[in-house]
Amino acid sequence: MTTPFLKCVLAIVAKDLRAEMRSRELLSVMALFALLSILVFSFALELDRAARAEAVSGVLWVTLIFASLLGLNRSLAQESDQGNLDALLLAPVSRSAIFVGKFAGNSIFTGIVGLLLLPLMTVLYSMQMLDIRVIFTTLVGIVGFCSIGTLLATMTVHTRAREALLPIALLPVALPFLLTAVRATKGVLNGAPDWQVWLQLLAGITVIYVALCLLLYGFVVEE
Amino acid sequence: MAKEVAFEAAPQPRLLRVLTALTALGFLATLYLGLVVAGTDIEQGDIQRIFYIHMPSFFGAFTAFGATVVGGLLYLARKNDAWDRIALAGAEVGLAFALINLLTGAIWARPIWNTWWTWDPRLTSAAVMCLIYAAYLMLRAGIDDMSRKRNFMSVYGIFAFVSVLTTLFIIRIVPETIHPVIVGASPQNAQGSFEATSGVVTALAPSMLLWLTLMPITLMWHRYRLETRREALDQKMIQALGD
């Protein structure tokens with residue numbers, strides 16, 4: 001007799017949200033990092049008006065991906081260090097429900113950072129980022145990236161040098177998301193008609209990765 | 001628990017010796033075909049001959065990475081350690097081949113494209129493929145627990161193979177490439193393509209066959225045997241520490 005799928009997922013997400021409400025350690029680190037990253041980029045790239053239009057979607061996605069790496073590392077390290085992952089595995093809960101729960105939690109946190117970044121970049125870079133199409137692309141990209149991110153972070157918490165290994169293992173595999181999301185965002189911002197094609201590609205890759213992660217997560221947590 | 005592990009080197013199976021000899025001979029023969037028998041390309045000159053290694057080495061990597069994904073899937077299904085060792089052998093041999101592929105490509109591109117490297121879709125995708133398998137080996141080295149390691153790497157191998165397929169097919173999807181296509185029509189802006197004439201095919205076909213089958217299989221078999229002995233040694237060490 002296992003607990004219903006949806007109930008487990010909601011319980012895990014609720015637990016993550018409650019822990020975050022009380023400690024505020026994940027979101028504050030991610031948000032502060034994102035802010036710093038935007039600042040560093042604007043100095044490093046010496047962004048003037050013309051350069052901004054070209055580079056801004058790249059800045060957005062690189063910032064989001066690194067912020068999300070920070071969050072993924074901590075979110076899974078928390079589970080395994082405090083022994084909660086073992087407890088979850090002992091409980092009569094399907095493996096994919098655990099995955100969906102952690103995946104949803106990570107997506108929500110990264111999504112919040114993304115939604116904070118868009119108005120901030122609109123102000124700081126004076127680009128119109130608060131476009132419903134940009135918001136949608138951002139959320140789809142985050143969901144896709146967090147799926148493979150959650151899976152690989154579950155692996156790397158068991159390794160030596162976990163903080164270093166997660167980006168090395170994750171970035172090359174997640175490049176399809178970065179590529180399509182940057183192209184779609186850039187297309188919307190520059191009024192190019194091909195943004196739709198890139199968004200469709202992004203959504204397609206997201207569906208494939210989420211399905212693969214669901215199928216394979218059980219093997220990653222099994223002892 | 002204390003299962004006696006055979007550490008004394010088992011003699012090489014006769015088939016492996018035959019394969020090794022065949023691979024070495026085949027390599028010399030295809031070199032001869034590519035360097036001597038095939039005619040000099042009228043536009044590119046002798047540099048075109050590197051192609052007889054360049055394209056076959058990619059397909060060698062394809063076979064080896066294919067072994068990694070198949071080995072991973074079978075390991076997850078059967079939990080037989082041998083499949084995981086095959087997967088590891090595939091990743092290492094494949095990475096070596098993929099690097100040969102990148103290097104020969106760069107050497108060819110220098111005179112033909114007038115640059116060692118360009119961010120062409122296919123070049124980028126091939127480089128990403130190498131990075132993913134380098135990450136595979138690094139991740140593998142970072143996990144201590146053996147059964148966990150085998151599980152994780154089987155899963156990672158499945159995701160890694162996506163990059164191999166991307167490299168193979170990207171040229172048909174993204175048309176803005178300058179990389180020539182040999183099978184079928186080249187993209188319009190391909191730079192430095194040439195006809196697959198009968199001379200080219202005479203040198204290419206045996207080389208392809210060699211790199212696609214004999215070369216990766218022989219090397220992977222050797223690597224597999226090495227890994228078996230390495231794991232046996234680890235077990236011996238654990239036993240010795242326990243005594």
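So you know, we letter chains A, B, ... as the sequences are listed, proteins then strands, and number each from 1. Note that these values count all heavy atoms, side chains included, but never hydrogens, waters or copies made by symmetry.
- Comparing A:Pro176, A:Pro172, A:Cys213 by heavy-atom pairs within less than 4.5 Å of chain B, the highest count is held by A:Pro172.
- For the residue pair A:Thr185/A:Ser57, the side-chain donor-acceptor check at 3.5 Å is not satisfied.
- Chain B forms more heavy-atom pairs under 4.5 Å with one residue of A:Thr154, A:Ile168, A:Leu171 than with any other, namely A:Ile168.
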Legend entry - ring-ring contact (aromatic ring centres under 6.0 Å, His included) between A:Trp61 and A:Phe177, intermediate numbers included: CA-CA 10 Å; A:Trp61 281 101; A:Phe177 293 111; 9.3 Å; no
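- Ionic pairing of B:Glu92 and B:Arg223 is present here: one or more N-O contacts between side-chain nitrogen and carboxylate oxygen are shorter than 4.0 angstrom.
- Proximity to chain B is absent for every atom of A:Ile208, based on heavy atoms less than 4.5 angstrom apart.
- Taking the side chain as every heavy atom from C-beta outward, A:Leu199 and A:Val188 never approach each other to under 4.5 Å.
- Ion pairing of A:Asp131 with A:Arg133 is present here, as a side-chain N (NZ or NE/NH1/NH2) and a carboxylate O approach within less than 4.0 Å.
- Under the 30°/60° scheme for interplanar angles, the aromatic rings of B:Tyr133 and B:Tyr136 are found to be tilted.
- In terms of heavy-atom pairs under 4.5 angstrom with chain B, the leader among A:Val173, A:Leu179, A:Leu215 is A:Val173.
- Only the side chain of A:Leu152 comes within less than 4.5 Å of a heavy atom of chain B; its backbone N, CA, C and O stay farther away.
- Looking at B:Ala141, only its backbone comes within 4.5 Å of chain A, counting heavy atoms on both sides.
- Residue contact with chain B, scored on non-hydrogen atoms closer than 4.5 Å, involves the backbone and the side chain of A:Ala169 alike.
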